[in-house]
Amino acid sequence: MEGPRSPRETELPQVLKFLDQKLRNEASWSIAAEYPTAFAPNNLHNMRIIADEGGVLSHAVLKPLIVKSPHVIFKVGAIGSVVTDDEHRGQGLSTQILEDCLKTAQSQSCDIAILWTDLFDFYRRMGFELAGSEISFVIEENFDITPTNLRFSTDSKVSPDAIYRLYATHSVNSVRTIEETRKFLSIPQTKVYTAWEPNGQLAAYAIEGKGVDLGGYIHEWGGSVPKLMALLSFIRAHKNQPFTIICPRHSQNLIRELQRKPVTMNQGFLGMIKMVQFDQLAGKIKRAFRAEGIPDFVLEKHPEHFVFGIGQELFTINKESDMVRLLFGPVDYHALGIFKSETIQKVERVLPLNLWIWGWDSI
Ligand SMILES: CC(C)(COP(=O)(O)OP(=O)(O)OC[C@H]1O[C@@H](n2cnc3c(N)ncnc32)[C@H](O)[C@@H]1OP(=O)(O)O)[C@@H](O)C(=O)NCCC(=O)NCCS
């Protein structure tokens, strides 16, 4: 048995065959079509396998993302397609592969690693914790909006440039190219809904579905709130059944508008997060506080604990999982009862951090 190591270029078809058999047995497409940037040849060095003479036994892939937000530019290592051959489970193979992915993420200066799973306890053993916020709305019924002169379309042949132009206006987004946007638009089971101005400019878009996942979920969208609301109203009428839109917590205007409509709101987590370069992340957060005129924010890692606070109001945090929640949320600093209300106002200038990963980036 050898590895964890990255596959050689010539082994890529064999690795994808293993993943398709284990994770996409029912699908008529390859997993590589669903995650075109993670399984691209230029990310081969971030794929990890353990193999023996018989073939691949275990796999995971790391896809580093640069995520811009108003306060911090994060480097995030997204981890996905974690799987071990049935006959070789329980021998620590996935644990070894994941440890190696975390080491790779660290060596590439990722602040955090993130993954999406329902095996919470499996990943908690490695220090991941459910953190960050995701708000979802089930659009239960048709709703009326002020009439607009927009034209709506379900044609998926939309220029990636137009989508990219609206994507780039988000306050929190990952660095992408138009070429990557083009690849994302061709993911199997993708539905594209668009709203167009009379002059032919794209006003709003909403993307539903992503391979075997996210059917019935709008996981990428863009455009101003009124135009997006008009598009959502069109989608509800067009589908004639409920669907869900996923939003970051900081999309306050959209959230406010949606709450006025016949919707069911659910609050969830962004994913499972683990800090991999704590000092680097702490440095970024301290700079964000300084830029807000708060020079005495404290965030330190000691061998057995973290120190967190502002000025003289300093607290010891023993668990890494608690620290992740304090930084990325969901967290109610009032309910914690540790800070004075003036201090909470200062803390909330930067925290919880506005981290968001759009659907096409999740792997
Ligand atoms: C989950 C999976 C990747 C684990 O692979 P593996 O190589 O058997 O993992 P390891 O041997 O490194 O770890 C097994 C350990 O995790 C524990 N574990 C496994 N599944 C678990 C779960 N669902 N919840 C909690 N612990 C779990 C085992 O009890 C074992 O613990 P131990 O080391 O204390 O005995 C494997 O079962 C698999 O491929 N599942 C199907 C695909 C899948 O669900 N992937 C996850 C997608 S996010």
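Every number for a ligand or one of its atoms is a count from 1 in the order of the listing.
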Trainee: Out of F120, W116, F122, whose heavy atom sits nearest atom 22 (C) of ligand 1?
Mentor: F122
Trainee: Considering only heavy atoms of G90, which atoms of ligand 1 have at least one such atom less than 4.0 Å away?
Mentor: 6 (P), 8 (O), 11 (O)
Trainee: Which atoms of ligand 1 have any heavy atom of T117 under 4.0 Å away?
Mentor: 48 (S)
Trainee: Going by the side-chain hydrogen bond (donor to acceptor under 3.5 Å, both in side chains) test, which pairs reach into residues 139-156, not counting sequence neighbours?
Mentor: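 Applying side-chain hydrogen bond (donor to acceptor under 3.5 Å, both in side chains) to every pair that reaches into residues 139-156, excluding sequence neighbours, yields E140-T264.
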Trainee: Looking only at non-hydrogen atoms, which of I79, D86, T95, L115 approaches atom 12 (O) of ligand 1 most closely?
Mentor: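 Closest candidate by heavy-atom distance is T95.
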Trainee: Relative to atom 44 (O) of ligand 1, which among T84, L119, D121, L23 owns the nearest non-hydrogen atom?
Mentor: L119
Trainee: Verify side-chain hydrogen bond (donor to acceptor under 3.5 Å, both in side chains) between S94 and T84, making sure each step is shown before the conclusion.
Mentor: CA-CA 6 Å; S94 273; T84 296; 2.8 Å; yes
Trainee: Can you list the ligand 1 atoms lying under 4.0 Å from a non-hydrogen atom of Q91?
Mentor: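 Atoms satisfying the 4.0 Å criterion: 11 (O).
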Trainee: May I ask whether atom 35 (O) of ligand 1 is less than 4.0 Å from at least one protein heavy atom?
Mentor: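 For atom 35 (O) of ligand 1 the answer is no, since every protein heavy atom stays at 4.0 Å or beyond.
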Trainee: Heavy-atom distance to atom 38 (C) of ligand 1: which of R89, R125, H59, H88 wins?
Mentor: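 Answer by nearest heavy atom: R89.
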Trainee: Out of D85, V83, V82, who gets a non-hydrogen atom closest to atom 45 (N) of ligand 1?
Mentor: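 Checking each option, the heavy atom nearest atom 45 (N) of ligand 1 is found in V82.
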Trainee: May I ask whether atom 29 (O) of ligand 1 is less than 4.0 Å from at least one protein heavy atom?
Mentor: no
